[in-house]
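Here's the structure, in structure tokens; my notes come after.
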Amino acid sequence: MCAPESQSMLRVIQAQALTREAFAAYGELIAPGRSERDINFGTARRYDDVASLDVEEAGGRACVAIFHTETAAGQAAYPLRAFERHRLGSQSFIPMGAARCLAVLAGDGERPDESAIAAFVIEPGQGVTLRRGVWHHPLITIGPADVLVIERAASEVDCEVVMLSSRIEVQLA
């Protein structure tokens, strides 16, 4: 039996470099470069306000977590399964150490826009804050990784999930 055409056709998304300008439609890049100053007698530089969190809606509070993955390393294609969004708060992802991960996004409408999927490689020393309501794929790391996650926590779970209707994968350049 043949699979329906929408299931058999594979669409490939190329992951792109993460820049403030390219990511602006989805949220903010977390990286040094804003307000900065020397501290600790000149032995370090401090960068303030590197992220704007939006987590206090409906009694929410900031929750800082570490997500640990055991994903196999390599330049393999990364199949996409579903998109999720959080209507009540922003969500930040910061790979720790030399870890890298992908931010895969699909707009901020009522449903994920599968025709407008964008993928960005989050390199060591970078992170992202997704605006509330932005559809994003669950965390994908490039190899085993620990990722610092800052998100909204509250008694009511704020996570809407929609499964993809077609076969799509992300490839690294």
Side-chain angles (χ1 to χ4, degrees), residues 13-40 42-71 73 75 78 80 82-109 112-113 116-154 157-161 170-173:
I13 307 295
Q14 285 293 110
Q16 57 186 299
L18 179 61
T19 65
R20 287 187 200 286
E21 298 75 25
F23 197 76
Y26 311 103
E28 297 178 345
L29 171 66
I30 299 173
R34 292 186 180 174
S35 172
E36 62 182 88
R37 59 190 163 105
D38 286 331
I39 60 168
N40 299 339
T43 62
R45 299 218 27 96
R46 177 179 171 148
Y47 300 89
D48 290 327
D49 298 320
V50 296
S52 299
L53 302 180
D54 179 8
V55 297
E56 296 178 357
E57 185 73 26
R61 62 175 178 78
C63 173
V64 178
I66 294 175
F67 291 11
H68 177 79
T69 67
E70 296 288 341
T71 307
Q75 298 284 324
Y78 298 88
L80 303 182
F83 280 86
E84 63 183 53
R85 71 173 170 180
H86 310 280
R87 290 179 179 234
L88 300 177
S90 62
Q91 193 173 35
S92 299
F93 298 92
I94 305 120
M96 298 171 67
R100 298 165 66 208
C101 59
L102 292 172
V104 184
L105 309 135
D108 60 1
D113 185 349
I117 293 173
F120 298 90
V121 177
I122 306 172
E123 299 286 354
Q126 295 181 316
V128 296
T129 297
L130 304 178
R131 284 192 325 268
R132 68 164 85 179
V134 169
W135 290 101
H136 58 283
H137 193 276
L139 180 64
I140 299 172
T141 61
I142 303 169
D146 287 325
V147 179
L148 184 72
V149 178
I150 305 169
E151 60 187 350
R152 179 185 176 276
V157 175
D158 174 35
C159 184
E160 181 180 353
V161 178
V170 174
Q171 292 183 353
L172 303 180

Within a strict 4.5 Å, meaning less than it, do heavy atoms of the [X] and [Y] side chains meet?
X	Y	value
Pro32	Arg45	no
Leu130	Leu105	yes
Leu139	Cys101	yes

Whether the side chain of [X] engages the backbone of [Y] through a donor-acceptor N/O pair (distance < 3.5 Å, no angle test) should be reported.
X	Y	answer
Arg37	Asp48	no
Asp113	Gly107	no
Arg152	Glu57	yes
His136	Glu84	yes
Arg131	Ala25	yes
Gln91	His86	no

For [X] and [Y], work out which heavy atoms get closest and say how close.
X	Y	answer
Ala99	Ala145	CB-CB, 3.5 Å
Pro95	Glu123	CG-O, 4.3 Å
Ile122	Ala103	CD1-CB, 4.0 Å
Gln14	Ala173	NE2-CA, 3.8 Å
Ala154	Gly59	CB-O, 4.3 Å
Ala82	Pro138	O-CD, 3.3 Å

Open item on the list: For Arg87, is there an ion pair with Glu160 - N to carboxylate O distance below 4.0 angstrom?
Closed with: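 A salt bridge links Glu160 with Arg87.
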Between [atom1] on residue [X] and [atom2] on residue [Y], distance to nearest 0.5 Å:
X	Y	atom1	atom2	result
Phe93	Gln126	CZ	CD	15.0 Å
Phe83	Ile117	CZ	CD1	4.0 Å
Leu29	Arg20	CG	CZ	4.5 Å
Glu56	Ser90	CD	OG	10.0 Å
Leu18	Ile30	CG	CD1	10.0 Å
Ile142	Leu172	CD1	CG	4.5 Å

Task: Stepwise side-chain contact (heavy atoms from CB on, under 4.5 Å) check, Thr129 with Asp54 - done: CA-CA 9 Å; Thr129 297; Asp54 179 8; over 6 Å; no
TODO: Take Leu102 and Val121 through the side-chain contact (heavy atoms from CB on, under 4.5 Å) test and state the conclusion after the steps.
DONE: CA-CA 5 Å; Leu102 292 172; Val121 177; 3.8 Å; yes
Open item on the list: Run the ring-ring contact (aromatic ring centres under 6.0 Å, His included) test against Phe23 and tell me which residues pass, sequence neighbours left out.
Closed with: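 For Phe23 the ring-ring contact (aromatic ring centres under 6.0 Å, His included) partners, ignoring immediate neighbours, are Tyr26, Phe120.
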Open item on the list: Under the criterion side-chain contact (heavy atoms from CB on, under 4.5 Å), I'd like the reasoning laid out for Ile140 against Leu80: C-alpha separation, chi angles, the key distance, then a yes or no.
Closed with: CA-CA 9 Å; Ile140 299 172; Leu80 303 182; 3.9 Å; yes
- [ ] For Ile13 and Gln171, run side-chain contact (heavy atoms from CB on, under 4.5 Å): C-alpha distance rounded to whole Å, both residues' side-chain angles, the deciding distance at 0.1 Å, then the answer.
- [x] CA-CA 6 Å; Ile13 307 295; Gln171 292 183 353; over 6 Å; no
